[in-house]
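In this text the structure is predicted, and so the values were computed from the model without any measurement. By convention in this document, chain letters (A, B, ...) are assigned in the order of the sequence lines, proteins followed by strands, and residues within each chain are numbered from 1.
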There are 2 protein chains.
Amino acid sequence: MTIQTPHRSGGRAARRAARAAPLADHLRPVRAGMSGGTFNPLSPAAMERIHHAALDALEQIGLADAPPSGIAYMTAAGAILGDDGRLRFPRALIEDTIARANRSVTLHARDPKHDLELSGTRVHYGTAGAAVHLVDVDGRTYRECGVQDLHDAAHIADQLDNLHFVQRPMVCRDIPDNLEMDLNSIYACCAGTTKHVGVSFTEPSFVPHGLELLHMIAGGEDKWRERPFVSNTNCFVVPPMKFATESCLVMEALIEGGMPILLLSAGQAGATAPAPIAGAIVQAVAECLAGLVYVNAVKPGHPAIFGTWPFVSDLRTGAMSGGSGEQALLTAGCAQMHRYYDLPGGAAAGIADAKLPDMQAGWEQAMSNVMAGMSGLNMVYEAAGMHASLLGFCLESLILGDDLIGQALRCVRGIEVTEDSVSLEVIRATCIGGPGHYLGSDQTLGLMQTEYIYPTLADRTSPKEWAELGRPDLLARATARKDDILAQRASARFDAQTDRMIRERFNIHLPA
Amino acid sequence: MTIQTPHRSGGRAARRAARAAPLADHLRPVRAGMSGGTFNPLSPAAMERIHHAALDALEQIGLADAPPSGIAYMTAAGAILGDDGRLRFPRALIEDTIARANRSVTLHARDPKHDLELSGTRVHYGTAGAAVHLVDVDGRTYRECGVQDLHDAAHIADQLDNLHFVQRPMVCRDIPDNLEMDLNSIYACCAGTTKHVGVSFTEPSFVPHGLELLHMIAGGEDKWRERPFVSNTNCFVVPPMKFATESCLVMEALIEGGMPILLLSAGQAGATAPAPIAGAIVQAVAECLAGLVYVNAVKPGHPAIFGTWPFVSDLRTGAMSGGSGEQALLTAGCAQMHRYYDLPGGAAAGIADAKLPDMQAGWEQAMSNVMAGMSGLNMVYEAAGMHASLLGFCLESLILGDDLIGQALRCVRGIEVTEDSVSLEVIRATCIGGPGHYLGSDQTLGLMQTEYIYPTLADRTSPKEWAELGRPDLLARATARKDDILAQRASARFDAQTDRMIRERFNIHLPA
């Protein structure tokens, strides 16, 4: 990337006016799809070692519990069913699958300006999860979350520049019927945002209903298939090394229905995955490679995201610790394996163990988010709002997460080194016969908006200014912004006719 | 590093007992001097480009305002004084100086177990700065700080495992006489901690008094010179490209007195340094290379730390923004240049713009600290406690910073990939005829303490446990720990006879 020093002609006033206008998208200091890759926790030899251990695991140990249809698909592709019921994968099959798999996946959005191109080290941040609580910041309490909360989260994320997609972060605990819950989750998310949405299905039999709803939102099956704007978060394995039989059937049906698949392996190091970070990566990579064979056996080239999502246990208690340094390393190590295979991938970062959006939450969310981005992870899931190791979702934290991720994206963008940016001539002109400082120089003013990112809510005042402003509280400001956003009806809401059609066909819980 | 799976003999009870005992230092999951280097924001070509721009700046632009003694030292070494009063450095002089400079520096501590070995990518975190306010968390206020606050900070940092040194973080605003302030700063820090201490001097004439005090603390000049446990933070330049005349004289006197020198160049991108990150690095590198020539011209091989500390401006206001992503990149890029030269170096990270230890403070401190460590910075200065972009220091934040830096150190340690850690045999034994999970496996239990780090104050309870515990507040817990530590007299305090001698000779403000 080359930074242009502004031309000297035109005058300062003209430049000031130009700076007051909104920046063209390509000039913004950060944006979706910036390329990472400066952080490499694994050496080339370490990646080779992990790859070969994964191949050994697939060839020698294999995976149990594939459904009969999956066994048929995968044995036809070259997998071998053992007498012990485990499906084993010869390394040639894995290597061929990797060679033939998609090198890029486009995740469409209802608004095409939010389309995501997953390839190389392009980085995107978004929500995800299955939290069962909403965190009430004012009352410092956790309460069960419902469909309105889910819609609110999607609506807020829609307004935040640095959230690039909205995978369902919360479960609608107020809808006891699982089919209704799945359908209402789709509705609540899609009515909240025109960004790409991720959902999941409880049972294979729910898939046709979900697709019918999506066809209605899209304006027809053809329109849906042309630009599928929802992907499926598919926990296709129960680690260690077992297929999740029902989820596999969901996956087969959704591949048929044209929905991109996130092949999600969510082992927990020390519980359902080996305790060493390297071992947890090996198992997750092995499981996702099996998933890749599966998807490509059902439909060659179907869009799939390599979803190595191993989590970390606090080994003293066995509880999850998504906010740990170990988690940040685990996710970044997985991202490096995605690059090793040159496959579009995703993993989890940005999870706080902290119960509230406090200082602990800040450091936990920041470390893993910045490391995930700098390692070049295509899809950084659970990047904002997530507390209590995935059990609680917080709307204020989601809003603050936008600022946090903005800084992480700035770090992903990295340091441009060009003839202009090394600044030798600027240093010379400043020091010899110049003003002796860089304030107000053309170079400084020219970079003010394109090189530097400014937070929305984070405070940069001096102690004096801060006192004069009444010592504003960060969380109170986040709550005020939440209230502002939610006072408006989500612009992603469906047109009246579509909405009526949907509500006639399905029991939609969200008020019209 | 190889991870040993525990032997199967000996029984689980014996292993449990062993785990209850404190870990031997070499088994602790994190410690001072772990090696970083996995984060590389600059490509090899970018580092070359920066290096050559710095050489050009030194040869063509040079530095103004060297004192006559410095001009004499440096021209004798090969620098050229121009008619414009600027001292210019031929590239051969710079290259020779780099080739001959120390590749490692030992920073001694009063307690040798805290000695720091600065070389390669070994990482150490500590305090630093010149804050003028203490942040009162309870009252949400800033007040002027004094000598008792400085001593308290040193005393607390002494007790925190992940703070490896204590450079004076606050100015004694309650001591108007500058000589007394400098001497009491030394006293307050050294009486608070047996870790390595950093101080500074206002005027060259104060140096003999400071050295006299240090000789008394050490038990004689010979003991001081054998193991100098205090280094000098020397702002030897006024960026851009001017020597700080008085500070240079301080430096000359301290080199004579045997004190290690931190060659500190603290430009501010967009104000006293070029606005592009790359340009700010070029200028800082050029200035520190000039400083390296200076030190080695005074005394070849004198211990010096390459202190490229460029800061970042918020270009909208010109105010400093130490908590920005740009700052994190700037510091990490500087660390890479230290490695490029294979010179012991230091820079600033962990600064919050946030006024209080809130979520913003957490993300600001975490991003730059983890990036500095992973880039292999030898000395991460200002790593804890620092708010309002260096204007305020907070004791509660210092305490929480210990947990934050613990996680950063875990990330610095990285991912070990060995035959054991890839876990193929453990996966096999678990999946085929095994329990189907890794809980309680020998490998898991064996790694519980050596592979995973556990926070001291950060909360990892479930929402249910957290509610049962009365929804503990993070800052209240930090305040409680602060009160606990400060209720004890600092164990670093001097013996009664030494203390009496010091107090007879100097006006010590801290109560005995």
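For Glu419(A), the salt bridge (Lys or Arg N to Asp or Glu O under 4.0 Å) test picks out Arg49(B), with sequence neighbours left out. Not counting sequence neighbours, the partners of Asp459(A) by the side chain to side chain donor-acceptor pair (under 3.5 Å) test are Thr461(A), Lys355(B).
When each of Pro239(B), Pro41(B), Ala354(B), Ala478(B) is scored by its heavy-atom pairs under 4.5 Å with chain A, the top score falls to Pro41(B). Considering only heavy-atom pairs separated by less than 4.5 Å from chain A, the leading option among Val426(B), Thr430(B), Ile50(B), Ile453(B) is Ile453(B). Considering only heavy-atom pairs separated by less than 4.5 Å from chain A, the leading option among Pro274(B), Ser462(B), Ala467(B) is Pro274(B). In terms of non-hydrogen atom pairs under 4.5 Å with chain A, the most contact-rich of Met241(B), Gln360(B), His437(B) is Gln360(B).
In this structure, chain B has a heavy atom under 4.5 Å from the side chain of Leu391(A), while its backbone stays farther away. Neither the backbone nor the side chain of Leu475(B) comes within contact range of chain A; no heavy atom of the residue lies under 4.5 Å from a heavy atom of that chain. Within the 4.5 angstrom heavy-atom criterion, only side-chain atoms of Arg86(A), from C-beta onward, approach chain B. Neither the backbone nor the side chain of Ser389(B) comes within contact range of chain A; no heavy atoms are under 4.5 Å apart. For a residue to count as touching a neighbouring chain, one of its non-hydrogen atoms must lie under 4.5 Å from one of that chain's; by this rule Tyr142(A) touches chain B with the side chain only. Residue contact with chain B, scored on non-hydrogen atoms closer than 4.5 Å, is absent for Val238(A).
The line from CE of Met320(A) to OG of Ser313(A) is 8.5 Å long, rounded to the nearest 0.5 Å.
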